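Below is one structure, written out as structure tokens; the observations come after it.
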Amino acid sequence: MDFKEYIAARITAEGVSQQELCAMLAVPPDTQMGDYALPCFRLAKSMRKAPVRIAEELAAAYPCDAVVCGVQAVNGYVNFRIDRAFWAGQTVSRILAEREAYGSSREGEGKTVCIDYSSVNIAKPFHIGHLSTTVLGSALYKLHKFLGYTPVGINHLGDYGTQFGKLICAYLHWGSRELLEEGGLRALNELYVRFHAEAEKNEALNEEARAYFKKIEDGDAQAVELFELFKSLTLKEVGKIYELLDVHFDSWAGESFYNDKMQPVIDELEAKGLLVESEGAKVVDLSAYDMPPCIVLRSDGASLYATRDIAAAVYRKNTYDFYKCLYVVAYQQDLHFKQVFKVLELMGKEWAKDLVHVAYGMVSLEEGSMSTRKGRVVYLKDVIDRCIEKALSIITEKNPSLENKEQIAKTVGVGAVIFGALYNNKIKDITFSYDKVLNFEGETSCYVQYTCARARSVLEKGGAAGEAKVPADVAPQEFEVVKKLAEFPEVLRAALEKYEPCFIARYCVDLAKLYNKFYFDCSILNAAPPVRSFRLALSECVLITLQNGLGLLGIGVPEKM
Ligand code: ARG
């Protein structure tokens with residue numbers, strides 16, 4: 001039930017529609033003042049009266065009932081109070097009926113949203129810098145699905161470029177299949193680093209590498225086989241991480257997928273008179289938009305990262321007819337996407353407005369920043385493993401007799417990594433701290449998971465809530481929980497609109513805090529029967545909602561902790 005609509009429908013104010021009134025209703029910062037407030041200042045003009053007077057008249061005329069139990073005029077505001085028992089009853093029965101669907105909706109029905117995220121580079125380390133795109137993208141994927149959209153998860157693999165020529169060259173000089181099978185991605189990366197070191201002494205290696213790259217392009221059997229080997233090795237390793245993080249993709253069409261799809265786009269650019277020569281290269285001049293030119297073809301005729309993205313956008317529109325196409329990519333690529341989107345707009349693609357760069361900030365480790373060039377790589381797998389290990393030692397210390405510790409530590413450790421990356425507004429740079437993300441009393445996933453375990457244990461001891469009758473007197477601690485619970489669908493909608501999964505993460509912490517306050521202030525199991533069953537029901541609603549919230553972020557909830 002939408003209380004704003006309900007309230008607005010019962011107000012008559014001359015010259016103002018019900019819809020306008022509904023939009024004017026606000027939530028006061030302090031519950032003491034009321035649950036909703038109508039500021040009357042904007043009505044003064046059309047009603048030709050002082051706001052204070054308008055508020056008084058509207059309050060006097062308002063028909064209170066079982067839903068709205070109190071109305072008061074204060075300094076030009078009309079404050080409305082919703083009946084606590086009614087609100088609680090509505091909320092609890094809705095959640096208990098909808099359960100794992102609570103918060104979901106069908107508002108996105110019929111709309112396909114492409115989400116380009118994680119987009120790893122073949123043969124390059126999967127490091128902490130990839131954490132945000134992976135977990136943000138995955139959360140947006142789950143959120144879109146929950147709200148009825150049809151998301152298409154795309155891993156736009158970095159599987160094209162001269163570096164693969166270098167790798168083949170390095171592999172043939174110093175590598176072997178055994179080396180790679182044992183050392184995986186790290187061994188591959190070492191080969192790459194070695195190539196650069198050796199090429200400094202021996203210029204001929206660069207020539208050799210170029211020749212190998214050409215061979216891949218020409219479809220030479222050996223070169224292609226080696227490239228495929230590097231690719232499968234990379235995908236095998238990142239696949240394990242995706243599995244841990246519960247991350248999925250519908251498409252793995254990477255940069256090389258567009259090899260044969262760029263020419264038509266280049267032809268179209270040419271036909272539309274958008275390509276100009278610049279030092280031998282072909283570029284789209286963007287000076288009118290205060291941007292450097294977008295290079296489409298290098299002077300040697302090779303395509304670029306941007307060329308592939310332009311072709312990819314066209315392909316995605318043709319294939320999925322997307323409503324929106326999101327690119328979850330670090331803010332360092334701001335200019336790249338601005339250029340690509342502008343070029344598409346200049347090509348006359350009216351859907352260019354539906355392309356969204358969902359930019360996010362950097363993640364660094366407390367221990368010091370990472371530098372790929374200096375070989376200081378922080379592998380994501382190491383960060384996850386360390387979190388799981390730490391979780392295990394904390395759990396073992398807190399609850400030595402707990403069964404299934406390893407499994408629980410995995411859920412807690414992985415959750416800590418994800419939550420750590422999602423708790424802040426995405427554009428902020430963050431410093432990842434193991435102690436912070438695994439602080440059971442902090443604003444963390446383990447705090448939320450622990451709260452779930454607490455609610456579950458209450459439910460186990462108390463038996464099923466059964467049908468919960470709401471007592472006439474709802475305690476303030478209970479009511480705060482109810483109100484928060486009722487907000488969940490709205491929070492999800494806002495998170496999707498702003499592409500901010502952190503809204504969900506923060507919501508979970510807030511709800512958990514309120515539940516814990518209620519838990520410590522109000523006795524649940526020893527309360528008189530009607531109150532007891534309501535409190536049990538409330539506990540169940542909290543558990544359901546927290547599980548739904550964490551689930552959208554890709555975080556599981558252990559049964560016990
Ligand atoms: N592989 C790229 C990188 O690591 C990210 C690709 C993002 N997606 C895209 N369509 N450009 O920087």
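Both backbone and side-chain heavy atoms feed into the values below; hydrogens, waters and symmetry mates do not. Given the structure is predicted, the values throughout are model-derived calculations rather than measurements. Atoms within each ligand, like the ligands themselves, are counted from 1 in listed order.
- Between Glu107 and Arg493, at least one side-chain nitrogen of the basic residue sits less than 4.0 Å from a carboxylate oxygen of the acidic one, meeting the salt-bridge criterion.
- In terms of the salt bridge (Lys or Arg N to Asp or Glu O under 4.0 Å) criterion, residue partners of Lys231 (sequence neighbours excluded) are, by chain and number, Asp159.
- Side-chain atoms of Asn259 come within 3.5 Å of backbone atoms of Ser256 as a donor-acceptor pair (strictly under, hydrogens ignored).
- Proximity of a side-chain donor or acceptor of Asp382 to a complementary backbone N or O of His127 within less than 3.5 Å is not detected.
- Asp220 and Lys214 are not joined by a salt bridge, as no carboxylate oxygen comes within less than 4.0 angstrom of a charged side-chain nitrogen.
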Inset, instruction - Mind running side-chain contact (heavy atoms from CB on, under 4.5 Å) on Lys282 and Val276 for me, showing each step along the way? - result: CA-CA 6 Å; Lys282 296 211 169 175; Val276 291; over 6 Å; no

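- Every protein residue with a heavy atom nearer than 4.0 Å to ligand 1 is included here: Asp116, Ser119, Asn121, His156, Tyr305, Asp309, Tyr327, Val329, Gln333, Phe337.
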